[in-house]
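Just so it is clear, the model here is predicted, and its values are computed rather than measured.
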Amino acid sequence: MNRQAEWVARAVGGQMIGPDVTITGSVVTDSREATAGSLYVARRGENADGHDFIASARDNGAVAALVEREIPQAGLTQIVTPESTEALGVLAHAHLEDLRQAGPLDVIAVTGSAGKTTTKDLLAALMATDGPTVAPKLSFNNEVGLPLTVLKADEHTRHLVLEMGASGPGHLRMLTGIAAPDVAIELMVGTAHLGGFGSREATASAKAELIKGMKPDGTAVLNADDDYVAAMAQRAPGRIIGFTTRTQYPQFTDTWIRAENITIDADERAAFDLITPEGCAHVHLTLVGAHHVHNALAAAAGAYACGIDTQTIAQVLTASGPSSPHRMDIETVTLDEGRTIILIDDAYNANPDSMRAALTALKHLGAQRNARTVAVLGAMLELGEQSEALHRDVAQMALDAGVSHIFTWSADAQPLASHAQAKTDSGTEVTYSEDWNETLGELTSAVRDGDIVLVKGSYGSHAWQIAATLMESGCSR
């Protein structure tokens with residue numbers, strides 16, 4: 001970012017206290033991430049007040065701070081606004097619109113109940129072939145992460161790839177108010193965050209906010225294989241591109257991106273012929289799981305909407321592996337006593353849809369390698385009143401996948417354990433623990449040489465810590 005503090009104050013309608021310094025560094029909400037020339041945004045959180053760390057931000061190089069109250073003797077320029085998080089979004093919007101007026105810059109946004117981060121990572125790789133591209137790290141997709149990503153764009157940025165998440169109605173409306181997309185990609189409507197939405201119908205309505213909030217002359221990219229998403233075509237203000245794996249599909253658009261002749265290899269990686277209006281090219285994904293075909297098609301359609309040719313799209317998709325951690329990453333891990341396991345680390349997040357996809361991949365990989373399979377399943381959070389039933393559903397998915405052993409922990413996941421334990425004729429062993437540390441100990445004692453181990457759960461379940469600890473035990477590609 002390269003802005004004067006006075007410009008920032010005008011953009012957010014704030015009062016500037018101190019000299020008009022030049023902000024040449026990044027915009028941060030964590031004082032530890034401040035560097036020379038940074039703007040520090042002091043937010044009030046549940047556990048801490050960012051205003052208490054202004055001195056730390058200053059010592060790390062910040063030259064200005066966005067605050068909700070003046071901090072005496074802070075030693076840096078302050079811009080006072082009523083609410084810092086809201087001001088951060090207003091600042092990002094002003095910054096983006098200024099860049100759009102100055103030169104060519106398109107915004108490509110992705111939403112969906114599952115697959116957002118993988119699709120975002122694929123899109124970032126695709127768009128980078130055309131020009132300087134900015135995309136979020138990890139899953140920066142909310143009212144803080146999205147504006148921080150927008151503020152990383154500068155006058156050289158040609159493409160801005162954004163992941164937009166929603167856990168309730170109005171969330172996408174707010175995010176598109178910050179960054180209205182030129183290309184809006186809808187992946188799927190599933191059962192994530194049912195605690196905030198209540199039903200799939202309500203989820204679909206909220207996800208459609210992305211289409212409503214896009215640029216009037218923009219392009220909607222819709223998954224024709226999801227009926228809820230296909231129905232969003234009637235809300236699209238302009239061009240529509242559909243993507244599908246079917247040979248017959250609803251006729252809501254004349255432009256199609258298709259996958260034909262899909263095959264799955266012994267490592268559970270999909271290959272297919274990518275069909276676009278300009279031709280055909282072969283893709284062989286390095287991502288694990290057949291469900292990634294739809295993520296790849298979505299990224300291909302988004303790139304095609306921005307003018308990337310079919311051959312380039314196929315080449316990049318074939319070359320792209322997991323970019324974000326804990327996303328269907330497969331590693332060989334050597335434990336004590338010479339035991340070696342295959343670890344499928346998909347532990348960043350979870351909902352019933354992504355659980356089903358991961359367990360399907362585990363089943364197929366086990367069959368291909370004639371190996372025993374183990375499912376380490378953390379709780380799925382934010383599912384509301386349906387949480388207990390959905391955890392029982394996941395237990396049945398694991399049993400249907402033929403796993404030899406289920407490990408789970410915490411009160412939220414207790415219905416999963418109870419359902420699996422009740423199926424005494426399944427032959428599946430079930431271990432339930434109080435916390436993830438105990439589960440880790442039980443797991444490392446019980447796994448056998450050659451096992452294929454899936455670790456998956458919502459971020460707050462700490463499943464990722466189990467995967468990370470196993471990785472630290474020793475791994476090789």
Quiz item: So which pairs with a foot in residues 360-369 pass salt bridge (Lys or Arg N to Asp or Glu O under 4.0 Å), sequence neighbours left out?
Solution: Asp267-Arg369
Practice problem: Mind checking the CH2-CD spacing from Trp409 to Glu442? Nearest 0.5 Å is all I need. | Solution: 12.5 Å
Quiz prompt | Minimum-distance pair of heavy atoms, taken over all atoms of Ala180 and Val107 | solution = O-CB, 4.0 Å
Exercise. Answer yes or no: is there a side-chain heavy-atom contact under 4.5 Å between His364 and Ile264?
Key: no
Quiz item: Just wondering, do Leu362 and Ile452 contact through their side chains at under 4.5 Å, heavy atoms?
Solution: yes
Exercise. Evaluate side-chain hydrogen bond (donor to acceptor under 3.5 Å, both in side chains) for Ser387 paired with His391, printing each intermediate quantity in order.
Key: CA-CA 6 Å; Ser387 177; His391 278 90; 3.3 Å; yes
Practice problem: Evaluate side-chain contact (heavy atoms from CB on, under 4.5 Å) for Ile330 paired with Leu365, printing each intermediate quantity in order. | Solution: CA-CA 11 Å; Ile330 292 187; Leu365 197 58; 3.8 Å; yes
Quiz item: Backbone N or O of Thr29 within a donor-acceptor pair of the Ser31 side chain at under 3.5 Å?
Solution: no
Quiz prompt | Presence of salt bridge, Lys207 and Asp226, under 4.0 angstrom | solution = no
Quiz prompt | Residue pair Ala109 / Pro181: nearest heavy atoms and the distance that separates them | solution = CB-CG, 3.7 Å
Exercise. Could you tell me whether a side-chain N or O of Thr244 sits under 3.5 Å from a main-chain N or O of Arg246, the two making a donor and an acceptor?
Key: yes
Quiz item: Say you draw a straight line from OG1 of Thr219 to CG of Asp182; how long is it, rounded to the nearest 0.5 Å?
Solution: 8.5 Å
Exercise. State, with a plain yes or no, whether a side-chain heavy atom of Tyr432 is found less than 4.5 Å away from one of Ser418.
Key: no
Quiz item: Judged by atom type as modelled, is there a donor-acceptor pair below 3.5 Å linking the side chain of His405 to the main-chain atoms of Arg372?
Solution: no
Quiz prompt | Nearest-0.5 Å distance that lies between atom NZ in Lys116 and atom CG in Asp121 | solution = 12.5 Å
Practice problem: Run through Val316, Thr117, Leu317 and flag the one making a side-chain contact (heavy atoms from CB on, under 4.5 Å) with Leu122. | Solution: Leu317
Quiz item: Is there a donor in the side chain of Asp225 and an acceptor in the side chain of Thr245, or the other way round, less than 3.5 Å apart?
Solution: yes
Quiz item: Hey, does Tyr304 have a side-chain heavy atom less than 4.5 Å from the side chain of Glu278?
Solution: yes
Self-check item: Heavy-atom closest pair, residues Ser458 and Ser461
Solution: O-OG, 2.6 Å
Practice problem: State, to 0.1 Å, how close Ala395 and His419 come at their nearest heavy-atom pair, and which atoms those are. | Solution: CB-CD2, 3.7 Å
Quiz item: Once the angle between the rings of Tyr459 and Trp464 is folded into 0 to 90°, is it parallel (under 30°), tilted (30 to 60°) or perpendicular (over 60°)?
Solution: parallel
Quiz prompt | Rounded distance [0.5 Å steps], CD in Glu209 versus CE in Met232 | solution = 10.0 Å
Self-check item: Taking every non-hydrogen atom, the tightest pair across Ala281 and Gln311
Solution: CB-NE2, 3.6 Å
Quiz prompt | Validation row: Ile185, Ile108 side chains within 4.5 angstrom (heavy atoms) | solution = yes
Exercise. Using a cut-off of 6.0 Å, state whether more than 12 heavy atoms not belonging to Arg339 lie near its atom CZ.
Key: yes
For residues 282-291, run the donor-acceptor check on the side chains, cut-off 3.5 Å, and write out each pair with its distance to 0.1 Å, sequence neighbours left out.
{"unit_1": "His282", "atom_1": "ND1", "unit_2": "Phe272", "atom_2": "O", "d": "3.3"}
{"unit_1": "His282", "atom_1": "ND1", "unit_2": "Asp273", "atom_2": "OD1", "d": "3.0"}
{"unit_1": "His284", "atom_1": "NE2", "unit_2": "Asp265", "atom_2": "OD2", "d": "3.1"}
{"unit_1": "Thr286", "atom_1": "OG1", "unit_2": "Ser320", "atom_2": "O", "d": "2.7"}

Quiz item: Within a radius of less than 6.0 Å around CG of Asp336, do more than 12 heavy atoms belonging to other residues, nucleotides or ligands occur?
Solution: yes
Practice problem: State whether Lys456 and Asp345 are salt-bridged, where the test is any N-O pair (Lys NZ or Arg NE/NH1/NH2 against Asp/Glu carboxylate O) under 4.0 Å. | Solution: no
Quiz item: Does Pro237 reach the side chain of Met214, with side-chain heavy atoms less than 4.5 Å apart?
Solution: yes
Quiz prompt | Sidechain-backbone polar pair: Thr176 side chain, Leu210 backbone, donor-acceptor under 3.5 Å | solution = no
Quiz item: Val183 versus Asp106: any side-chain heavy-atom pair under 4.5 Å?
Solution: no
Exercise. Identify the two heavy atoms, one from Ala166 and one from Leu172, that lie closest to each other, and give their separation to 0.1 Å.
Key: CB-CG, 3.8 Å
Quiz item: Under a 4.5 Å cut-off applied to non-hydrogen side-chain atoms, are Asn223 and Leu187 in contact?
Solution: no
Quiz item: Side chains of Thr276 and Thr310: is there a donor and an acceptor less than 3.5 Å apart?
Solution: yes
